[in-house]
Amino acid sequence: MKPVNVGLLGLGTVGGGTVNVLSRNANEITRRAGRPIHIVKASARDLSRPRICDTTGIEVTSDPFAVVNDPNIDVIVELIGGNELALELVKKAIANGKHVVTANKALIALNGNELFALAQEKGVMVAFEAAVAGGIPIIKAIREGLAGNRIEWLAGIINGTSNFILTEMRDKGREFAAVLKEAQTLGYAEADPKFDVEGIDAAHKLTILASIAFGIPLQFDRIYTEGISRVRREDVSYAEQLGYRIKHLGIARRTSAGIELRVHPTLIPYRRLIANVDGVMNAVLVKSDAVGPTLYYGAGAGADPTASAVVADLVDVVRTLTTDPENRVPHLAFQPAAISDIPILPMAEVETAYYLRMEAADKPGVLADVTRIFGDQDISIEAILQKEPPVENVGTVSVIMLSQVVKEKRMNEALKRIERLDSIKGKVIRIRRENLG
Ligand code: NDP
Ligand code: HSE
């Protein structure tokens, strides 16, 4: 059997993991793919850096273009990251008629529409299972397993670093910065960890999920994005007392007015399975019309889990090398001509429930003022909790409220008016709340 020759761009966490998994499971992988898969050439920036994998038998170069321009190579695996050099390399690989496998969600979310069109013209595949939720085969599940369904909504914990930080803060009372540092050491975080904690990485992934779920173009710039950097330990604790967990979710929902696309910290009832997904684990809950809810769970980052998805894509590519390009699974699940531009709802039009925390003067009449403002905006309050503040804030109380579902613009107006009250100190903390029932 003639081996399939692979060129690897990047020998870091995922690149190293990919070399290891391909070598460790070579026999099983060949039996599945029908041909051996060999990494013949790889590139890295600093050739003197120690690697997590054995590169014996692989020609290692510091010139990634020497890999994509090598005529002996059939498939390029891009594991550099970012969307500048990586974009140039992937375009070159496609132009050279090579199939591409990538774990790069930024590249797909920002440039996927163009790359898939180029790949279609050249009759090659761009596979990206590892770009969303690490080792979970969520792209395959939505694109193929749920192909008979009309997907109504999906909600996912799709950033392992953020989930790891929130879990450690809740379970061990650890500080944000220390946990982030550990996530970086473990290889979970992006090259710029702001992408993790500010929700950008999750927004890249949600862009991809929404596109394959609803058959819409990739449109990263339409996603409302909020990260976990403003979540405080006291909110995690008050949420627990009210029966909720705070998770960083990406949510895509089809409504009669348009599609909601949003990434933000979210209170979820603790009895939901997804509320119990901890550490670096990811999960995606998909609600479809025929099968109902399905939940996909697994490691969201790390060398071997991500390599599992990269290698699965490689096997897919090898299996379909001889098929007619027209008969392959479409990149975005729907036939390219059937992708439709359904409107995306502005955040102000989204309907959700809220957790609110405000610091209020400890005197009569304050709650009456606040509830009057909510009443004026037709916002119903479901629960109120009043807590003593820390000693340094003597004379104030922390008031925690759960609102019912309301349009975001009405909540914005109510909070603006509440923050103008003399008896309310500073900004009202607002975390959205979803039932996911
Ligand atoms: P790393 O930083 O660990 O590895 C990046 C690799 O690319 C390194 O080998 C580096 O070389 C090489 N590289 C970086 N810049 C250049 C450059 N300018 N020229 C040539 N080579 C370069 O990243 P990861 O493995 O963590 O991530 C790779 C991709 O996978 C990213 O798109 C990331 O978002 C994605 N991903 C990562 C996951 C994870 O758990 N880490 C999970 C899912 C997806 P050198 O080693 O010499 O510096
Ligand atoms: N930085 C990403 C995360 C890697 O923490 O989820 C996996 O995509």
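One-based numbering, in listed order, for ligands and for the atoms of each. Quick note: numbers below take in every heavy atom, side chains included, and nothing from hydrogens, waters or symmetry partners.
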**Under-4.0 Å salt bridge between E182 and R174** = yes
Please table the atom pairs, donor to acceptor, closer than 3.5 Å between any side-chain atom in residues 85-93 and protein atoms at least two apart or in another chain.
| residue | atom | partner | partner atom | Å |
| --- | --- | --- | --- | --- |
| K91 | NZ | E114 | OE2 | 2.9 |

Less than 4.0 Å from some atom of ligand 2, heavy atoms are found in residues K105, N159, G160, T161, Y188, A189, E190, D196, D201, K205, G300, A301
Open item on the list: Looking at E234 and R232, is any side-chain nitrogen of the basic one under 4.0 Å from a carboxylate oxygen of the acidic one?
Closed with: no
Pair R150 + D289, salt bridge at N-O below 4.0 Å: no
With under 30° as parallel and over 60° as perpendicular, where do the rings of F164 and Y188 fit, or are they tilted in between? perpendicular
Sequence neighbours excluded, the answer for salt bridge (Lys or Arg N to Asp or Glu O under 4.0 Å) partners of R245 is E240
Exactly one of N159, V263, I158, L206 clears side chain to side chain contact (heavy atoms under 4.5 Å, CB included) with D201, and that residue is N159
When rounded to the nearest 0.5 Å, the distance separating NE2 of H264 from CZ of R432 is 5.0 Å
Result for salt bridge (Lys or Arg N to Asp or Glu O under 4.0 Å) between E434 and one of R262, R272, K287 points to R262
Per the under 4.0 Å non-hydrogen criterion, ligand 1 touches G10, L11, G12, T13, V14, A44, R45, D46, R49, R51, L79, I80, G81, L85, A103, N104, K105, A130, G187, E190, A301, G302, T306
